[in-house]
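All of these numbers come straight from a predicted model, not from anything done at the bench.
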Amino acid sequence: MKKILASHISAAPTLVAWLGVTVLVERLCSLWSPVILVLAILCATCCLLSGWGAAAHTLPTEGKAVFITGCDSGFGKATVQGLDALGFEVFASVMDLSGPGATELQRTCSSRLTLLQMDITKPQDVQQALLTTKTKLGLRGLWGLVNNAGVCVNFGDAELSLMSNYRGCMEVNFFGTLNVTKTFLPLLRQSQGRLVTVSSPSGEQPFPCLAAYGASKAALGMFINTLRHELEPWGVKVSTVLPSAFKTGQSSNFEYWEKQYKNLIQNLSPGLLDEYGEDYMLETKELFQGHARSAPEDLSPVVNTITDALLSPQPKVRYYAGPGVGLMYFIYSYFPLSLSDKFLQRLFVKKKILPRALRKQHMINNNNNNNNNNNIDINK
């Protein structure tokens, strides 16, 4: 139990997490026995102290090569820069070799960096990237594969999400990552290296309005966890990084959300558009934009966890990166489902507008109640 609690709590020792815990404990004192709460807090404190007291030890980077996907921006680009600075030989895939992200990497990184144009949904691109990597490595294996490339091509209720969005998320986040992983696994097995995958809490928890994205990450998570068991005899260690929200790539691009919103409105059936109402979907878009606006820009928590997964003698199976994500998993794992659902709704999309059909129904119900009350007064 001590190890389980440590894995969830130690990942979020930020001020935000501690404030969240304080408020949560105060509210739960009326629901839970104080004895249980005190025991949980003491156990978590012991785990934190024991974790801080451990001496840090990492493996050397000399001679180690890492392949990272999705490096045009965000986590991928920041990780390339961080690993290059540590002395890794880095192979970084980008969608556009002449784009601003690739240009910045070429300017800021050492000659050890190799940039490759690769769309992970195109098998021919993946095979070409493998051939280039093997040529550069010679007889050496690949120490690390960092599956970072991913996309969120939708927002909105599951019923409203277009089938093209479900397929788009699956094609990139699951099938694309699956193909890259299978393609590079022989090089990882050769060096008994590391497989690190950036996933998402939405693949394990029911985030409102992220059904398509969450479903693709859930499939990816099951695949990676299965690999973890199967690669253990080969000496390959497998880790998953679960970040909180950050300003990365398209998530912080307001034009992107406008485009997604217009695409949804134009392709939604008239019946669904009437039942939900355009104002309901407009609020969802604005909530996503607000969430992106408030997300932190410092990507170092994610870069640091990826680095630890590559260099720690005993890397963790799961890394929680970013403010509040460890607390969120702790609540989801150990608290009543009704409480964790409310926490998730308040943390992410705080919708106030009901679908149009429900608003109409509420008005009818209220009118009926008023008429019944009037009849009762008349009878009196």
Please examine the side chains of Leu310 and Leu83, heavy atoms only from C-beta on, and report whether any two atoms are closer than 4.5 Å. yes
Is the shortest side-chain heavy-atom distance between Leu344 and Pro206 below 4.5 Å? yes
Leu273 and Ile265: side chain to side chain contact (heavy atoms under 4.5 Å, CB included), yes or no, with the steps? CA-CA 8 Å; Leu273 185 58; Ile265 295 296; 4.0 Å; yes
Begin with the C-alpha distance, continue with both residues' side-chain angles, and end with the deciding distance and a verdict on side chain to side chain contact (heavy atoms under 4.5 Å, CB included) for Lys351 and Thr284. CA-CA 7 Å; Lys351 293 191 70 65; Thr284 303; 2.6 Å; yes
In terms of the angle between their ring planes, are Tyr329 and Tyr320 parallel, tilted or perpendicular, with boundaries placed at 30° and 60°? tilted
Atom pair OG (Ser239) and CZ (Arg318), whose distance is rounded to the nearest 0.5 Å: 11.0 Å
What's the spacing between Arg167 CZ and Leu162 CG if we round to 0.5 Å? 10.5 Å
Test item: Asn165 side-chain N/O and Ser161 main-chain N/O as donor-acceptor pair under 3.5 Å: no
Test your reading of the model: is there a side-chain donor-acceptor pair from Ser312 to the backbone of Ala309, 3.5 Å cut-off? no
CG-NZ distance between Leu59 and Lys64, expressed to the nearest 0.5 angstrom: 5.5 Å
Do side-chain atoms of Thr69 reach the backbone of Ala149 as a donor and acceptor pair under 3.5 angstrom? yes
Intermediate values then yes/no, ring-ring contact (aromatic ring centres under 6.0 Å, His included), Phe330 and Phe335: CA-CA 8 Å; Phe330 179 72; Phe335 284 42; 5.8 Å; yes
Within this structure, what is the CZ-NZ distance for the pair Phe174 and Lys217, rounded to the nearest 0.5 Å? 12.0 Å
Given the options Ile120, Thr121, Val151, Glu171 meets side chain to side chain contact (heavy atoms under 4.5 Å, CB included) only with Thr121
Ignoring hydrogens and geometry, is there a side-chain-to-backbone donor-acceptor pair from Lys247 to Arg293 under 3.5 Å? yes
Donor + acceptor pair across side chains of Thr79, Asn148 (<3.5 Å): no
Can you find a pair of side-chain heavy atoms, one from Leu105 and one from Cys71, that are under 4.5 Å apart? yes
Which value, rounded to the nearest 0.5 Å, describes the distance between Leu178 atom CG and Met170 atom CE? 9.5 Å
Phe184 vs Phe67 aromatic rings, parallel, tilted or perpendicular, using cut-offs 30° and 60°? tilted
Under a 4.0 Å N-O cut-off, is there an ion pair linking Asp308 with Arg194? no
Between Phe343 and Tyr332, does the ring centroid distance fall short of 6.0 Å? no
Is a side-chain donor-acceptor pair under 3.5 Å present for Ser199 with Thr197? no
Establish, from distance only, whether the side-chain atoms of Asp157 and Tyr280 form a donor-acceptor pair under 3.5 Å. yes
Val94 backbone acceptor or donor facing Asp72 side chain under 3.5 Å: no
Any non-hydrogen side-chain atom of Leu185 less than 4.5 Å from a side-chain atom of Leu231? yes
Begin with the C-alpha distance, continue with both residues' side-chain angles, and end with the deciding distance and a verdict on ring-ring contact (aromatic ring centres under 6.0 Å, His included) for Phe246 and Phe75. CA-CA 9 Å; Phe246 290 88; Phe75 300 144; 5.7 Å; yes
Looking at Tyr261, I'd like to know if the NZ or CZ of Lys285 sits under 6.0 Å from its six-membered ring centre while staying within 45 degrees of the ring's axis. yes
